[in-house]
Amino acid sequence: MAEWRQDAVRAVEAELAHARRTGEWTMLGRLRKGGNGAGGEYTVDLRDRRIDPIDDLRVAGEDGPRSGPAVPVDAELSCGVLRLRDPGPLPPGCDRLWARQVGPRDGLERLLRALREPAETPLADRLAAADLDPADDPRAACFAPGLRLVWGPPGTGKSRMIAEVAAELADAGKRVLVVSADEPTPGCGTDPERLAIQEDLVALSGADTDIARLDRALTGYDHAAFLAAGRRIANGERSAGLESEFAAVRRRHEEAASSLATAQAGLRAAREAWDAVAGERGRLAEARALDGRLTTLDARIAELTARLAAGGPLSRGRRADRRALRSAEQEKTRVEVTIARLREDARPLTDERIAELEAELAAAHEYLDAAAATESDAHARLERLRGKIAQLRSTGLATAQDRRFHDECVQRGLPALHAQREKLLRESEHRSARRGRLEERLWWLGERAHRARLDAEAASWESARIVTTTFARRATGSRPFDVVLVDDAGSARLADVLLAVAQARETAVVFGDFRQPGPRVRPAELRTLPEIRRWSLATAFSHCGIRTAADARDHPGCAVLTRQFRFGPAVGALAAVAGYEAPDETAAPGTGVVLLDTGGEPVERAAVAHALAGRKAAVLAPNRAQADAWLGVLRDHLGIAVGTARTLPGHEFDTVLLDATEDDWSARVRSFGSAVTRARRTLYVLADVRTVKTAPIGSPLGTVNALRLQGILTVRDLAEVLIPRQRGTAMTTAGDRSAHYGDQPASF
């Protein structure tokens with residue numbers, strides 16, 4: 001790593017240690033619709049803020065793009081106001097503009113990574129050593145190999161020359177890198193799918209609007225009371241029918257109860273007949289059981305008889321078998337006698353009679369069950385009717401007031417509106433799920449557009465003939481550039497310019513205006529560090545020893561743009577206070593300089609704002625406090641830029657109002673030079689003439705006084721300028737108070 005890289009790394013590391021860390025998304029402000037004849041245009045006023053480079057823009061709600069719908073948008077930043085190109089339909093709640101930004105820490109981290117990359121950078125090494133090639137003509141310097149500086153004072157057309165030279169070099173087959181401080185606003189392009197999703201989200205939100213509308217229409221409507229009145233009306237219509245039905249069911253129940261009693265008596269009689277023959281049934285059952293024993297004994301006797309017949313007289317067990325046979329025959333005789341006795345005792349009951357008694361008992365049970373079921377059904381129906389009648393009586397029957405209330409609700413269609421609202425509420429979960437899917441798809445489309453833009457930028461580093469980038473968006477590629485043209489190097493840190501020059505293979509030309517406000521380093525205590533002073537606070541011009549116009553003209557490696565295109569001699573004389581020399585030639589018309597004398601009175605800023613309305617104008621204040629005071633009255637005048645020379649770098653305006661009412665700019669000489677050179681046609685200096693007359697010679701206001709004495713600038717009384725022409729006539733009539741200060745201000 002080259003020595004200058006090591007030193008620059010230490011400087012950037014010191015800055016990085018104190019750099020603030022920002023979130024992924026920053027809320028830039030609320031959307032404003034219309035204004036200044038903009039019709040349906042959306043704008044966001046950023047004139048009171050220092051905006052970091054923007055990578056991506058989304059319109060979302062107060063919780064940010066990660067919560068709810070986030071619509072990707074294109075925008076153009078002009079005079080501190082972001083103007084959105086047609087974003088399409090915006091879902092409700094999307095009223096804030098959010099941005100991904102390259103914050104101070106992000107920019108420093110990118111710079112640090114680039115400084116640590118090993119690379120052969122001969123032209124950057126030469127710039128670090130302040131070794132420049134000879135330069136005479138600014139345009140010719142861009143076509144000759146080597147390293148050169150070009151000083152371009154305000155209005156000398158350096159940015160235009162860079163664009164023209166880049167095009168010529170590209171036509172000649174060279175790859176050109178153009179680096180500047182201007183930050184373009186990224187765009188997402190037009191996506192039909194995205195617009196369709198936005199329309200769907202708006203339509204889904206329409207259901208919420210309908211719910212709110214129905215809520216208003218149903219104010220005071222009590223659906224429960226309507227239903228209760230309807231029930232009482234229905235109760236009245238049903239009461240007569242229920243009473244007659246109850247009487248019929250009661251008769252059926254009485255009949256069923258009588259049948260049940262008959263069935264119960266029949267069952268008792270059948271049971272008594274059955275129980276009367278219980279003894280006989282028992283003896284017959286015992287006899288049937290002994291019949292089974294008799295069958296077993298017969299089988300045993302047959303078995304023993306056969307065994308004795310088969311065996312010989314001397315076979316073993318013959319004696320035991322004879323004993324067993326005799327025992328079985330004896331038991332059989334006893335069983336037969338017992339069976340005969342039992343059957344004799346059971347007479348006259350027979351098995352057939354027992355079957356008849358069993359059938360009669362089963363029939364009695366079946367008849368009782370059917371009668372009981374009929375009686376139970378009749379009783380349940382009777383009790384249900386009794387309960388309904390009791391319920392009707394407990395809730396009450398409809399009154400005349402109930403009928404009037406019910407009829408009025410039906411005539412106004414309130415129940416139908418209530419049903420519609422309930423349906424929308426039931427479907428809210430489905431809508432919520434669909435809304436979630438659409439919001440997720442919308443987010444993905446935004447990310448896709450963002451990645452596509454980044455990929456296109458990366459691809460351009462490899463293939464495009466002309467690549468335009470900024471210090472904050474530095475990148476590197478595998479293919480070097482033949483020529484690097486650096487713009488706005490007069491206010492860029494040396495480390496940034498060195499990395500830009502490091503991309504060059506043949507030629508590097510560094511353009512800039514060293515009289516512009518230089519680089520900023522925060523916090524202020526870092527400015528005492530040697531590496532910070534050398535690589536962060538220094539510029540390419542100061543590093544090469546160029547701090548004055550004479551230094552630029554005398555330095556062999558620095559060419560100077562001398563033709564003035566923007567302003568004339570009067571503004572040039574004021575710019576000379578900041579170290580600018582009068583141009584050798586001018587193609588600009590004379591820029592008018594007007595001193596607006598406040599007469600020592602407080603300035604009616606609102607009246608001045610009205611006078612500036614409709615022009616491409618800017619109000620430049622010496623410090624942030626005064627700029628904020630002006631912004632307070634210019635909130636509705638989005639076409640008028642407001643700020644300090646540092647917050648509005650590189651912009652030019654037809655009309656510039658320089659506020660010198662409280663500060664004579666003596667402590668901000670370079671900012672004064674930057675401010676006055678912004679004017680193309682007219683420069684107004686707002687100051688007290690008495691203060692101007694006593695200003696030190698050579699100071700900013702002292703130079704204004706010198707131009708006054710020479711008659712080069714015009715002095716006008718601010719009060720006379722702002723008083724409407726009609727007021728002179730109006731004041732001739734005593735007591736007429738219709739004309740007020742600043743009502744119809746005259747043009748400056």
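Sequence positions, counted from 1, serve as the residue numbers for this chain. The structure presented is a predicted model; accordingly, all values stated were derived computationally and were not measured.
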Salt bridge flag under 4.0 Å for residues R384 and D377: no
Taking the side chain as everything from C-beta on, heavy atoms only, tell me whether V59 gets closer than 4.5 Å to L31. yes
Residues E117, R113; criterion salt bridge (charged side-chain N to carboxylate O under 4.0 Å, His left out); working and verdict: CA-CA 6 Å; E117 290 178 358; R113 287 194 298 270; over 6 Å; no
Hey, what do you get for CG (L297) to CG (L294), rounding to the nearest 0.5 Å? 6.5 Å
For the residue pair Y221 / H223, report whether a side-chain donor-acceptor contact shorter than 3.5 Å exists. yes
More than 12 foreign heavy atoms under 6.0 Å from CD of E193: is that the case here? yes
Considering non-hydrogen atoms only, spot the tightest contact between R30 and V44 and give its length. O-CG2, 3.8 Å
Using every non-hydrogen atom in the two residues, find where E62 and W98 come nearest and quote the distance to one decimal. O-CZ2, 3.5 Å
If I take atom CD from residue E356 and atom CG from residue L361, how far apart are they, to the nearest 0.5 angstrom? 14.0 Å
More than 12 heavy atoms from other groups under 6.0 Å of CD on E366: no
For the side chain of R100 and the backbone of W25, is there at least one donor-acceptor N/O pair under 3.5 Å apart? no
Intermediate values then yes/no, salt bridge (charged side-chain N to carboxylate O under 4.0 Å, His left out), D191 and R448: CA-CA 11 Å; D191 187 343; R448 184 179 70 177; 3.3 Å; yes
Using side-chain heavy atoms (C-beta onward) and a distance below 4.5 Å, is T374 in contact with S259? no
R412 CZ: over 12 foreign heavy atoms closer than 6.0 Å: no
Using atom types as modelled and distance alone, determine if a side-chain donor or acceptor of Q198 lies under 3.5 Å from a backbone N or O of P87. yes
Salt bridge between R85 and E41, side-chain N to carboxylate O under 4.0 Å? no
Within this structure, what is the CH2-CD distance for the pair W274 and E360, rounded to the nearest 0.5 Å? 10.5 Å
Can you tell if the side chain of T399 reaches within under 4.5 Å of the side chain of D402, non-hydrogen atoms only? yes
CA sep, side-chain torsions, deciding dist, call: E109, R105, salt bridge (charged side-chain N to carboxylate O under 4.0 Å, His left out): CA-CA 6 Å; E109 287 176 346; R105 188 175 188 86; 3.5 Å; yes
Taking the side chain from T338 and the backbone from R334, do they hold a donor-acceptor pair closer than 3.5 Å? yes
Any side-chain heavy atom of E254 within less than 4.5 Å of one from R250? yes
For L442 versus P69, what's the shortest heavy-atom pair and its separation? CD2-CB, 4.3 Å
Taking side chain as C-beta onward, heavy atoms only, is L90 less than 4.5 Å from Y42? yes
Closest non-hydrogen atom pair, A270 against A364: CB-CB, 4.1 Å
Nearest-0.5 Å distance that lies between atom CZ in R300 and atom OG in S327: 9.5 Å
Answer yes if the side chains of R326 and Q330 hold a donor-acceptor pair under 3.5 Å, and no otherwise. no
List the steps, then state whether side-chain contact (heavy atoms from CB on, under 4.5 Å) holds for L57 with D74. CA-CA 7 Å; L57 286 172; D74 295 340; over 6 Å; no
Kindly determine whether Q401 and R404 satisfy side-chain contact (heavy atoms from CB on, under 4.5 Å), including the steps that lead there. CA-CA 5 Å; Q401 183 178 358; R404 288 195 300 271; 3.8 Å; yes
Closest non-hydrogen contact found for L108 with V12 is O-CG1, 3.5 Å
For residues A99 and L28, report the shortest heavy-atom separation together with the two atoms involved. CB-CD1, 3.7 Å
Between R116 and E13, is the closest basic N to carboxylate O distance under 4.0 Å? yes
Can you check side-chain contact (heavy atoms from CB on, under 4.5 Å) on V410 and F226, steps first, answer last? CA-CA 9 Å; V410 172; F226 171 79; 3.9 Å; yes
Any chance you could measure L84, atom CG, to L97, atom CG, to the nearest 0.5 Å? 5.5 Å
Can you tell me how far apart CZ (R213) and CG (L218) are? Round to the nearest 0.5 Å. 9.5 Å
Measuring only between side-chain heavy atoms, which start at C-beta, is D55 closer than 4.5 Å to H450? yes
Which one of R434, R435, E440 satisfies the side chain to side chain contact (heavy atoms under 4.5 Å, CB included) criterion with L438? R434
For E447, which of R441, R58, R194 qualifies under salt bridge (charged side-chain N to carboxylate O under 4.0 Å, His left out)? R58
Can you check whether E255's main-chain N or O pairs, donor with acceptor, with S258's side chain at less than 3.5 Å? no
May I ask you to decide if I197's main-chain N or O and D200's side chain share a donor-acceptor pair within less than 3.5 Å? no
Go through the steps to decide whether F246 and L382 satisfy the test side-chain contact (heavy atoms from CB on, under 4.5 Å), and finish with yes or no. CA-CA 6 Å; F246 179 81; L382 190 66; 3.3 Å; yes
Within the 4.5 Å heavy-atom criterion, are Q101 and I51 side-chain neighbours or not? yes
Answer whether the closest heavy-atom distance between the side chains of R20 and P104 falls below 4.5 Å. yes
Before you tell me yes or no, could you show the steps for K332 and E329 under salt bridge (charged side-chain N to carboxylate O under 4.0 Å, His left out), namely the whole-Å CA-CA distance, both residues' side-chain angles and the distance that decides it to 0.1 Å? CA-CA 5 Å; K332 177 182 178 182; E329 290 174 343; over 6 Å; no
